[in-house]
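Here the structure is laid out as structure tokens; the discussion comes afterwards.
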Amino acid sequence: QVQLVESGGGLVQTGGSLRLSCAASGRAFGSHDMGWFRQAPGKERGFVAFISSSGGSTYYRDSVKGRFTISRDNAKYTVYLQMNSLKSEDTAVYYCAADSFRRTSTQIRDYNYWGQGTLVTVSS
């Protein structure tokens with residue numbers, strides 16, 4: 001079992017920055033691929049960013065490339081999402097997720113552990 005707790009969400013103005021954190025506990029964090037997903041009001045949850053178990057590979061949805069950076073510290077059992085140049089369309093609940101089978105996936109169905117989410121609101 002892996003437990004995930006997100007933090008760092010809040011209200012920010014357009015163009016601002018936030019850093020989300022996801023603290024993990026339980027089984028070996030370093031053996032899990034990690035992902036960030038988000039769900040905007042009235043929309044389905046979707047992929048934002050991926051990082052492999054070692055941190056050597058990362059992927060992003062097109063709309064956040066160049067603005068968001070995913071990273072991890074396996075010694076601290078934490079994954080981060082640095083979000084810069086925020087736009088109103090980034091407003092959503094952000095979830096971190098863990099894939100214990102390391103499928104290098106951007107698909108929700110491949111992630112078997114999820115946090116409770118943290119709300120990011122970008123105001124214009």
Cation-pi geometry met for Arg72 and Phe29 (6.0 Å, 45°): yes
Shortest non-hydrogen separation from Thr69 to Tyr60 and the atoms involved: CA-OH, 3.4 Å
Salt bridge (Lys or Arg N to Asp or Glu O under 4.0 Å) contacts touching residues 111-124 (sequence neighbours left out): none
With Ala28 via side-chain contact (heavy atoms from CB on, under 4.5 Å) - residues at least two apart: Ser31
Interatomic spacing from CD1 in Ile51 to OG in Ser71 - rounded to 0.5 Å: 6.0 Å
Donor-acceptor side-chain pairing of Asn112 and Ser100 below 3.5 angstrom: yes
Atom pair OG1 (Thr91) and NZ (Lys43), whose distance is rounded to the nearest 0.5 Å: 10.5 Å
Residues which pass side-chain contact (heavy atoms from CB on, under 4.5 Å) with Val2, listed by chain and number, not counting sequence neighbours: Leu4, Ala24, Arg27, His32, Tyr113
By ring pair (Phe, Tyr, Trp, His ring centres under 6.0 Å) - contacts of Phe37 (at least two apart): Phe47, Tyr111, Trp114
Any pair counted as salt bridge (Lys or Arg N to Asp or Glu O under 4.0 Å), so long as it reaches residues 101-124, sequence neighbours left out: Asp99-Arg103, Arg103-Asp110
By side-chain contact (heavy atoms from CB on, under 4.5 Å) - contacts of Glu89 (at least two apart): Lys87
OG on Ser85 to CZ on Arg67, rounded to 0.5 Å: 7.0 Å
Minimal non-hydrogen separation, Gly30 against Ser53, with atom names: O-CB, 3.3 Å
Residue pairs passing the salt bridge (Lys or Arg N to Asp or Glu O under 4.0 Å) test where at least one lies in residues 7-16, sequence neighbours excluded: none
CA sep, side-chain torsions, deciding dist, call: Val93, Thr118, side chain to side chain contact (heavy atoms under 4.5 Å, CB included): CA-CA 5 Å; Val93 177; Thr118 186; over 6 Å; no
Transitive ILVMFWY cluster of Phe101, excluding itself - 4.5 Å side-chain cut-off: none
Rounded distance (nearest 0.5 Å) linking atom CG of Asp90 with atom OG1 of Thr121: 11.0 Å
side-chain hydrogen bond (donor to acceptor under 3.5 Å, both in side chains) contacts in which one or both residues fall within residues 7-22, not counting sequence neighbours: Ser17-Asn84
Ring pair (Phe, Tyr, Trp, His ring centres under 6.0 Å) partners of Tyr59, counting only residues at least two apart: Phe50
hydrophobic_cluster_shared for Val48 and Val12, side chain cutoff 4.5 Å: yes
Non-hydrogen atoms of Gln116 and Val5 that approach each other most closely: OE1-CA, 3.7 Å
Path from Tyr95 to Tyr80 over hydrophobic side-chain contacts below 4.5 Å: no
Exercise: identify the closest heavy-atom pair between Met34 and Cys22: CE-SG, 4.4 Å
Nearest heavy atoms of Met83 and Val120, plus distance in Å: CE-CG2, 3.8 Å
For Phe68, all residues meeting ring pair (Phe, Tyr, Trp, His ring centres under 6.0 Å), sequence neighbours excluded: none
Distance, nearest 0.5 Å, that separates OG of Ser54 from CG of Asp33: 8.5 Å
CD on Glu6 to CG on Leu20, rounded to 0.5 Å: 8.5 Å
Partners passing side-chain contact (heavy atoms from CB on, under 4.5 Å) against Ser63 (at least two apart in sequence or in another chain): Arg38, Arg61
